[in-house]
Amino acid sequence: MLLAFVQNAQSDDRIINHLEALQSGYPVTVNDIQLHTESSLAEFYQNRHYQPAWESPIARRELIQAIDELADDGLNPADYHQDALHDITQSTQDAPTRLPSTELDLIFTDAFLLLASHLRDGKVNSQTLQAQWTVQQRQAPLQSALEQALQDETVYRTLQSFKPPAPAYQKLRDYRRQLSGLLGRPWPLLDSGPTIHPGDSDARIPTIRQQLRLLGDLPAADGDTHDSTGEPPESQLYSGNLIDAIPAFQARHGLEPDGLIGRKTLEVLNTMPIERIRQIDANLERWRWLPDSLGDTYVLVNIAGYDMVLVENGEEVMHQRVIVGDPFRQTPVFSDRIRYLVFNPTWTVPRTLMIKDQLPKLQTDPGYLSRMNFKVYKGWGASRVEVAPDEIDWNALTADNFPYQLIQQPGPNNSLGQVKFMFPNKHAIYLHDTPGQYHFNREQRTISSGCIRVERPFELAERLLTRNSSWTKTTIQQAREKTEPVKAVLDRSVPVHLQYWTAWVDKSGNLQTRKDVYGRDRRLVDALRSDFKGNLQLTPRSHR
């Protein structure tokens, strides 16, 4: 029932009846429109003594404008009663100062609260990947923001303020709008075939030129006789500006920029604009999951991009390649704070890895432990006892019978290298060095067990420590030269964000895309496109 329920002479009984039903847990429909925001809707009208809120035609128009523009944000306007609001607005053209029914006021309020929640916190729950149809209260309640927006007639501006403030979000949104201009146009597809080398003549070259022009990777054709490569549009010669355009195209899609038009390059060229738009939609939603500020100084790892950046005072000062978890041991997405570093770390092998990775090696190579500088302990904690590896019958051990703990000692073969960056978390994930530097030359770097291997870890360590503690280059070098672990605590912990972005716009304004190595985009896109009943939605009608 409604809390502090008070009916006075000014209350609207129809609004009250609907709100009572909402708080009782019953589905509520107005003009066959189901309301979603439940208790938030009730609280808003309680604070207004159950009076209508949307008598201003300006406020109604601004809400509809914000909804009509939502496709650029990767959200479906139909989720927010778009058609019903347009119909209501058209029916009030002769009497614009009042709605035909105060019950319809609920539809406007429900649309605002749900939209504001989705813009601020995301439509999809980042943990369950299920669409959320009630107002999320992870931050300040939205009802007061709506009340103020109605008073000031700033509904549109208020809704825009709930979008991620990062310029990267706006750039990605703008690129989506640009790419949507290709929808409905024929998209030429390329046939498979032999790799095309610079200087080759191939029947697919004219189509490749056409695709690159549509995508903006080549300037538009110069009249009807020559395109930007200096070749006639129908020329089948791989030459001219195309020789520079192909490597640039490959690089922005995470491929080796070798200029050879082979299978992988053809697959990316054949990606339909709608597929790329959906990929952008998934990444716009990921931005909405993030806090408004990542911090003035922070470390950010893009798992899908295999890279890491260090930002100081809002400026990127370091960029490195990284290695992340394989598809069966995926690196999780979360944020934390780097609190300390450990030079010359030991590596305590997680039990899962002991069983799946280490035990088969031990059973086929008895000298593996000594060669890789492992110590073996029976038991755990203070009661554990070191055991000589040659005293153990490794072939007798199984997943259900493995009472040992493996700890690799500091040294050149240690799997964590010479330094690790600690942000204690429930996932047991951290950044670290690696002796296998040659792996950073791989195009796809999903080969770790979940932790992140950093290409040049000592550059990162030096930057963090010398700017945020009493450590110097000299003391760092002295720590590296020791043979036992050395802990280095930061004076101020540094935020670290592990994210999964498969599409973003770089500093030059070019769309960068990466392969969805964990297969996460499809599930997220399906959740974004689902309606309240879990059905996939069709593109809503346009009111622009």
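Bear in mind that the values here come from a model prediction, so they are computed numbers and not experimental data.
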| task | Please name the residue in the list Tyr298, Phe423, Trp289, Phe334 that meets the ring pair (Phe, Tyr, Trp, His ring centres under 6.0 Å) test with His497. | result |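 The ring pair (Phe, Tyr, Trp, His ring centres under 6.0 Å) with His497 is passed solely by Tyr298 among Tyr298, Phe423, Trp289, Phe334.
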Keeping [X] on the side-chain end and [Y] on the backbone end, is there a donor-acceptor pair under 3.5 Å?
X      : Y      : value
Gln408 : Ser415 : yes
Asp433 : Gln418 : yes
Ser448 : Gly450 : yes
Asn283 : Trp504 : no
Asn468 : Arg492 : yes
Glu316 : Val309 : no
Glu455 : Ile323 : no
Arg209 : Ser235 : yes
Asn76  : Ala78  : yes
Gln211 : Pro188 : yes

| field | Distance, nearest 0.5 Å, that separates CD of Gln82 from CD1 of Ile67 | value | 7.0 Å
| message | Quick check for you: to the nearest 0.5 Å, what is the distance between Ile261 atom CD1 and Asp202 atom CG? | response | 8.0 Å
Are [X] and [Y] close enough that some pair of their side-chain heavy atoms sits under 4.5 Å apart?
X      : Y      : value
His432 : Pro457 : no
Ile338 : Ser493 : no
Leu75  : Leu528 : yes

Would you find more than 12 non-hydrogen atoms of other residues, nucleotides or ligands less than 6.0 Å from [X] atom [atom1]?
X      : atom1 : value
Lys163 : NZ    : yes
Arg185 : CZ    : no
Glu315 : CD    : no

Can you tell me if [X] and [Y] form a side-chain donor-acceptor pair at under 3.5 Å?
X      : Y      : value
Thr502 : Asp516 : no
Gln320 : Asp307 : no
Asp174 : Gln178 : no
Tyr306 : Arg442 : no
Asp506 : Gln512 : yes
Tyr500 : Gln330 : no
Thr265 : Gln250 : yes

Shortest non-hydrogen contact between [X] and [Y], atoms and distance:
X      : Y      : answer
Thr297 : Pro495 : O-CD, 3.2 Å
Tyr518 : Thr331 : OH-N, 3.2 Å
Val135 : Ser117 : CA-OG, 3.7 Å
Asn441 : Arg321 : OD1-NH1, 4.0 Å
Ser335 : Gln499 : OG-NE2, 4.0 Å
Leu190 : Arg204 : CD2-O, 3.6 Å

| Candidate pair Val349 and Asp357, rule side chain to side chain contact (heavy atoms under 4.5 Å, CB included), full reasoning | CA-CA 10 Å; Val349 185; Asp357 294 356; over 6 Å; no
| field | Set of side chain to side chain contact (heavy atoms under 4.5 Å, CB included) partners for Pro435, sequence neighbours left out | value |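 Testing Pro435 for side chain to side chain contact (heavy atoms under 4.5 Å, CB included), a comparison that skips the adjacent residues, returns none.
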| field | Residue of the set His36, Arg529, Lys123 for which side chain to side chain donor-acceptor pair (under 3.5 Å) holds with Asp79 | value |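 That would be Lys123.
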| request: Check the angle between the aromatic planes of Trp133 and His118 and answer parallel, tilted or perpendicular using the 30° and 60° thresholds. | output: perpendicular
| task | Show the numbers, then the answer: is there a salt bridge (Lys or Arg N to Asp or Glu O under 4.0 Å) between Arg463 and Glu459? | result | CA-CA 6 Å; Arg463 190 88 184 192; Glu459 288 186 22; over 6 Å; no
| request: Would you check, one step at a time, whether the test side chain to side chain contact (heavy atoms under 4.5 Å, CB included) holds for Glu462 with Gln477? | output: CA-CA 10 Å; Glu462 184 177 301; Gln477 183 59 37; over 6 Å; no
| request: Return each pair, listed once, that meets salt bridge (charged side-chain N to carboxylate O under 4.0 Å, His left out) where at least one residue sits in residues 274-283; pairs must be two or more places apart or across chains. | output: Arg176-Asp281
| query | Taking it one step at a time, do Thr466 and Ile476 satisfy side chain to side chain contact (heavy atoms under 4.5 Å, CB included)? | reply | CA-CA 9 Å; Thr466 58; Ile476 291 173; 4.1 Å; yes
| Going through the checks in order, is the side chain to side chain contact (heavy atoms under 4.5 Å, CB included) test met by Leu341 and Lys487? | CA-CA 6 Å; Leu341 285 64; Lys487 185 175 182 179; over 6 Å; no
| Under 6.0 Å from the six-membered ring centre of Phe458 and within 45° of its axis: does the NZ or CZ of Arg480 meet both? |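 Yes.
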| note | Contacts satisfying ring pair (Phe, Tyr, Trp, His ring centres under 6.0 Å) that involve residues 170-220 (not counting sequence neighbours) are none
| Would Arg120 and Asp292 count as a salt bridge (Lys or Arg N to Asp or Glu O under 4.0 Å) if you check the C-alpha gap in whole Å, the side-chain angles of each, and the deciding distance to 0.1 Å? | CA-CA 9 Å; Arg120 187 184 67 175; Asp292 287 344; over 6 Å; no
| message | Does this structure show an ion pair linking Lys264 with Glu256, if we count only N-O contacts that are shorter than 4.0 Å? | response |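 Judged by the 4.0 Å cut-off on N to carboxylate O distance, Lys264 and Glu256 do not form a salt bridge.
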